[in-house]
Structures are given as structure tokens and as C-alpha cells.
Amino acid sequence: MAIHRRRHHNSSNNSRLSRRFFPAFTAIVGVFFLCFFVLSLLAPHPSRLLHHHSHEDASSIGVTVSSVPASGGKSKYDIWRSRDSEFFYGCSNASSKFIKADIITRQNRYLMIATSGGLNQQRTGIIDAVVAARILNATLVVPKLDQRSYWKDASNFEDIFDIDWFISFLSNDVNVLKELPNGPKVTTMRVPRKCNERCYEKRVLPVIMKRHAVRLTKFDYRLANRLETDLQKLRCRVNYHALKFTSPILQMGESLVQRMRAMSKHFIALHLRFEPDMLAFSGCYYGGGDEERKELGAIRKRWKTLHGSNPDKARRQGRCPLTPEEVGLMLRALGYGKDIHIYVASGEVYRAEETLAPLRALFPNIHSKDTIASKEELQSFSKFSSRMAALDYIVCDESDVFVTNNNGNMAKILAGLRRYNGHKPTIRPNAKKLYKLFMNKGNLTWDEFSSKVHSYQRGFMGLPHESRPGRGEFHENPAACICEYADAKAIRDASLRKFGTGTKKEGEETEDHDGDDDLDSTDPDTDGDMLLQERHPANETMLDYDGISTDEPELEDMLSD
């Protein structure tokens with residue numbers, strides 16, 4: 001009973017305490033909710049934050065086009081030049097051991113080639129044809145350009161390149177004729193891709209010695225990437241000196257460059273490569289729903305040997321071009337502000353009004369040859385895809401920064417040219433790494449996003465020593481033709497040792513190509529029928545020395561213009 005009375009007594013005390021403090025507790029809770037309600041009315045709506053352009057607000061939300069600061073990301077270096085570029089120079093002169101053409105060229109040996117693809121793919125064939133003629137001690141007949149491929153361009157060699165300059169500049173290296181002399185019948189054959197000196201000596205030399213005139217068909221990437229140094233330097237002399245555009249093309253190209261310079265001290269050239277054929281060939285998906293799949297699928301049927309693709313897998317592997325929006329975000333993160341002028345080298349952009357809108361929001365000063373030149377000025381060029389491509393080539397070469405959105409022929413050729421001419425900045429998106437970043441950008445602040453872009457782009461900015469000699473296509477990385485000043489090298493190395501910048505800092509991410517140099521895009525510029533049925537004149541004999549068909553594997557190796 002005593003225990004029961006004590007429990008009853010305690011219960012009464014608790015009840016009296018509850019009645020005393022409950023009103024106070026209720027009042028406190030009420031005040032708290034009232035304050036929360038008032039603050040919620042005063043705070044800006046989240047949707048307003050997404051459209052606010054100040055750096056302070058942008059750094060606290062996910063990255064969107066509307067939230068990106070106008071000034072771009074921070075950079076420790078000059079964004080308009082490559083670090084250490086002053087220590088290097090192009091060097092393609094022949095050595096004293098390279099015997100002159102008139103001594104080694106044999107009579108009654110004539111090499112002809114048939115190029116394929118767009119302008120830059122054909123350029124690689126012309127370059128390699130000169131070297132092949134040198135290996136065979138043969139006279140080269142000026143190459144015939146591809147007039148039957150996807151581009152349907154009727155231009156001849158002399159319509160694009162200064163043919164007399166080409167012949168005279170190479171006179172010490174290879175004997176070149178405009179036409180095949182009367183007499184020898186032409187034997188047509190094809191060599192495997194990446195054929196080296198021994199391959200030509202084994203497969204082609206016996207035929208040319210016996211038949212005297214050989215025509216090599218579909219001549220693109222038919223020469224090995226690695227050759228002895230003097231032959232590599234010959235490649236550079238052809239590419240960077242002998243292949244000069246005709247005067248009308250040069251004059252119009254320089255006029256476009258001057259107009260870009262008149263608008264801004266510096267400008268970027270962007271090879272956007274976002275045309276319908278490129279997107280269809282890539283097999284990637286860009287968020288356009290069923291309509292996009294239907295449109296690109298119809299174009300994709302042109303390539304009969306293309307296999308089905310997994311768009312998500314291709315994107316993860318870095319095989320898809322960035323969208324214009326993604327290119328814009330990358331450039332802003334690298335430090336290029338809203339006032340920058342950009343020249344877009346591209347054909348018809350897929351759904352241009354829709355896809356270019358985010359890029360224009362980030363960089364309003366967007367130009368192309370069609371916007372800075374009149375129709376009358378472009379009239380003599382516009383009907384010929386190769387001549388229009390040549391104009392873009394000139395502007396891209398002369399630009400302060402070149403950005404390529406697809407590692408195809410034009411991108412590789414220009415990357416090599418810009419290395420040769422002083423390592424002018426050349427940005428290739430590290431698509432494999434950036435893909436993950438773009439997928440997660442809604443969860444990152446602008447500063448985090450910008451920092452990661454800088455990190456992922458190490459090794460993809462066209463800097464000296466960025467690529468190891470022998471890695472990637474020679475046209476992209478002409479290491480044999482780039483020399484380093486001895487005195488400058490000593491000064492640079494001493495500086496690296498002094499400041500300890502030659503070693504990797506703890507926690508610092510190193511450049512990671514992830515094999516990207518080997519992830520070459522396939523080629524939408526080739527003829528729709530990969531098993532090309534070539535028509536041969538009656539006086540030609542067709543030989544195929546491959547042993548096995550090389551047409552199907554070529555699809556994986558070929559690069560788009």
C-alpha cells in the first residue's frame with residue numbers, strides 16, 4: 001500500500017508539472033513555426049537561383065548554362081599560348097644522307113594513286129604517296145582526287161593546290177609529273193593499310209619493275225606510322241610546305257582571318273563536327289527522342305557495313321562528339337569568357353537553331369564563313385566541298401586557339417601543323433573523362449566543375465611533351481619534325497629542378513589519355529559502299545596483293561574529315 005501511495009503521489013506531481021509548463025512549450029513551438037513561415041516568404045525561390053548570373057550564387061548550385069559566370073574559370077597560365085612553346089621549332093630539312101631524287105629515280109617506274117574521302121583524308125594520301133614513290137625510286141604522277149565519294153566534289157588537284165609549286169618544291173626529294181607519259185599500261189593494285197618500307201619493296205616493287213606503271217587504289221593510311229627519320233621529315237616537307245593552296249583559296253582564307261582579327265585581338269576556331277552525317281555515323285544519342293533516332297537512323301543506313309551500336313557505351317568510351325552546350329561549358333571552365341569570339345568550322349549543324357542555342361548563350365560572338373563573307377564572295381567556293389573545307393582549314397590554322405570536337409583527319413592534320421608552327425594551343429576534349437563530369441554537373445558547384453575540367457584536360461591541350469613520340473598518328477604528332485633548342489632546354493630543365501615542378505605533387509592528378517589516342521573515330525566521309533567497285537580503263541590490269549580482304553577492318557581505322 002505504501003508503494004502504491006508513493007506512485008500515486010509521483011503521478012500527481014508529474015501532472016501538475018505538465019499543466020504548468022505546457023502553455024510555455026506550446027508558445028515556443030508556435031513562435032518557431034511563425035519565424036520559419038516568414039523566412040520562407042522572404043527567401044528567393046529555387047527557380048530564381050537557377051537563372052541568377054552572379055558568381056556567388058552560381059558556385060552554390062548545380063552547373064547549368066544559365067548559372068555559369070560570364071568571366072569563366074580561373075587559370076594559372078596564359079590561355080592564348082602554350083607553355084614552353086618557345087623552346088621548340090619545326091625542323092624538316094633532309095639530312096646529308098638523303099640522296100637527291102635525280103640520282104636515285106629509276107627510269108620507267110611510275111607511281112599513281114587514287115585518293116579517297118574528303119579534303120583532309122585525301123591530303124594524308126597525297127603526303128604518303130610522295131614517300132611511297134621515294135621508297136620505290138619511282139616518279140610520282142600528280143595524284144587524282146576522289147570525285148565519287150560522299151562529297152561528290154569534281155575538283156582536281158590543281159583546283160585545290162598550287163601544282164607547279166608542289167612539283168618544284170619536291171624536286172630534290174621525288175620526281176613528279178603532271179601526267180603519265182604515253183606508253184606504259186597501268187596495273188592497278190591495293191596495298192594493306194600501314195604498309196612499311198619492306199612491305200612496299202616486297203609487294204609493289206616487283207610489279208612496278210615488271211609493269212612500269214602502278215596505280216594504288218583507295219590510297220588513305222596506306223603507309224606505316226613509323227618510318228626512318230628522313231622519310232618522316234619528307235612527310236613534313238610535303239604536308240607543311242609543298243601542299244600550298246591555290247591563290248584564290250589563300251586570298252579568301254586570309255580575308256576571313258583578317259575579319260576575325262578586326263573583331264577581336266584573339267579568337268577561337270571550333271571544328272564543331274556536329275553535322276547529321278557525323279552524328280549518324282557515330283551511333284550516339286543526343287537527347288532528341290524518337291524523332292532524332294528516326295532521322296539519324298535513316299542517314300545511318302547509307303553505310304551498309306555498319307554494325308548496331310550501343311549509344312551509352314560509345315559515350316562512356318569517349319567516342320561521341322560533345323554537344324555544342326558541352327563544348328561551351330568546357331571552354332568557359334578553361335577560362336574563356338563570354339566576350340570571346342568563336343569561328344565555327346562546320347557544315348550544316350544538326351538542328352542548328354536548337355542545338356546551338358546553349359553555345360550562343362555562353363558565347364554570343366559566334367561566326368562562320370557564311371556570316372563574315374557574302375554569298376557573292378563565296379560563290380566560286382560554295383559548290384565544292386573541298387574548297388570550302390580549305391577555307392575553314394586556313395582560319396583554324398591561323399586561330400589563336402583551335403578546338404576540335406572530333407579526332408578525325410582535319411583535327412589530326414591541324415594538330416600536327418600547329419605543333420610544327422610553335423605549338424599553338426590545340427584543345428581536344430577528353431571525352432571519356434568529361435562524359436562522367438557532364439553527367440554529374442547538376443551535383444557540382446561551378447568551382448568544382450571548373451577544377452575538374454582543368455584536371456581532365458591535362459594532356460589534351462597541345463602542349464610540348466604532351467604526347468610521346470610514336471604515339472598516335474604521325475600527322476597528329478610529327479615528333480621527328482619538331483626540335484628543341486639546346487640552350488633553352490638546359491634553362492628549362494634547370495628551372496624545373498629549382499622549383500621542383502618536374503615531379504608529381506602529392507594528390508595531384510596526372511594526365512590520363514586512357515588510350516584515347518587509339519580511339520579513332522570511324523569515317524563518314526568514305527563512299528557509302530565500302531566494297532567500292534572501281535571502274536578501270538581497258539588498258540588497266542587489277543591486282544590485289546592483300547592476301548585477305550582488308551575492306552571490312554578499314555572501317556574501324558578510318559577517320560572522319
Side-chain angles (χ1 to χ4, degrees), residues 36 39-40 42-76 79 272 274 279 282 284-289 292 310-338 340 354-363 403 405 427-461 505-516 519:
F36 180 80
L39 288 174
S40 67
L42 296 175
H45 192 272
S47 63
R48 295 176 205 163
L49 282 173
L50 290 174
H51 295 84
H52 199 287
H53 288 257
S54 73
H55 185 278
E56 290 76 18
D57 288 335
S59 64
S60 63
I61 62 173
V63 174
T64 64
V65 169
S66 59
S67 71
V68 174
S71 60
K74 299 176 182 178
S75 178
K76 297 184 295 184
I79 60 177
L272 188 57
F274 210 70
L279 303 186
S282 72
C284 301
Y285 175 65
Y286 298 92
E292 176 190 309
N310 182 329
D312 292 334
K313 182 178 179 181
R315 178 87 158 153
R316 289 195 304 271
Q317 292 178 340
R319 292 180 179 271
C320 301
L322 303 187
T323 66
E325 175 183 337
E326 291 168 345
V327 172
L329 290 173
M330 177 193 71
L331 289 175
R332 184 60 55 79
L334 290 173
Y336 298 97
K338 191 173 185 177
I340 298 301
E354 175 186 343
T355 58
L356 288 178
L359 180 62
R360 292 186 185 279
L362 291 165
F363 297 96
V403 182
N405 193 27
I427 301 173
R428 175 161 67 96
N430 184 354
K432 191 172 183 179
K433 287 284 188 69
L434 292 178
Y435 157 75
K436 302 171 187 175
L437 186 60
F438 288 128
M439 292 298 100
N440 194 43
K441 65 182 171 59
N443 299 319
L444 299 172
T445 67
W446 172 251
D447 288 340
E448 290 170 338
F449 178 84
S450 177
S451 176
K452 286 185 178 294
V453 169
H454 277 276
S455 176
Y456 295 163
Q457 282 301 120
R458 291 190 189 119
F460 293 80
M461 303 293 286
K505 297 178 182 178
E506 185 178 355
E508 180 182 288
E509 289 192 52
T510 57
E511 60 198 59
D512 181 8
H513 288 262
D514 283 333
D516 290 278
L519 292 179

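When a residue number appears, it is its place in the shown sequence, counting from 1. Since the model is a prediction, treat every value here as computed from it, not as a measurement.
Residues Leu434 and Gln457 have side chains in contact (heavy-atom distance under 4.5 Å, counting atoms from C-beta outward). Counting heavy atoms from C-beta outward, Leu272 and Pro324 have side chains that approach closer than 4.5 Å. For the pair Arg332 and Lys338, the minimum side-chain heavy-atom distance is below 4.5 Å. Using a 4.5 Å heavy-atom threshold, the side chains of Met330 and Leu334 count as touching.
At least one donor-acceptor pair under 3.5 Å links the side chain of Ser282 to the backbone N or O of Leu279. Using modelled atom types, no side-chain atom of Asn405 and backbone atom of Pro321 make a donor-acceptor pair closer than 3.5 Å.
What you find for Cys284 and Ala314 is that their closest heavy atoms are SG-CB, 4.1 Å. Shortest non-hydrogen contact noted between Leu329 and Trp446 is O-CH2, 4.1 Å. Of all the heavy atoms in Ala333 and His454, the pair that sits closest is O-NE2, 3.0 Å. When all heavy atoms are compared, the tightest approach of Phe363 to Gly328 is CE1-O, 3.5 Å. Pairing each heavy atom of Phe274 with each of Thr323, the nearest pair is CE1-CA, 3.9 Å.
For the side-chain contact (heavy atoms from CB on, under 4.5 Å) test with Glu325, the passing option among Leu359, Val65, Leu356, Thr355 is Val65; the others fail.
With sequence neighbours left out, the ring-ring contact (aromatic ring centres under 6.0 Å, His included) criterion links Tyr435 to no other residue. By the side-chain contact (heavy atoms from CB on, under 4.5 Å) test, Ile79 pairs with Ser75, Tyr336, sequence neighbours left out. Listed by chain and residue number, Tyr285, Tyr286, Leu296, Tyr350, Arg351 satisfy the side-chain contact (heavy atoms from CB on, under 4.5 Å) test with Glu292 (two or more places apart in sequence, or in another chain). Not a single side-chain hydrogen bond (donor to acceptor under 3.5 Å, both in side chains) links Asp312 to another residue, sequence neighbours left out.
Separation of atoms CG (Leu444) and CZ (Phe449) is listed at 8.0 Å; rounding is to 0.5 Å. Going from atom CZ of Arg316 over to atom CG of Asn310 covers 6.5 Å, rounded to the nearest 0.5 Å. Remark: Lys433 NZ to Arg458 CZ distance equals 10.0 Å, nearest 0.5 Å.
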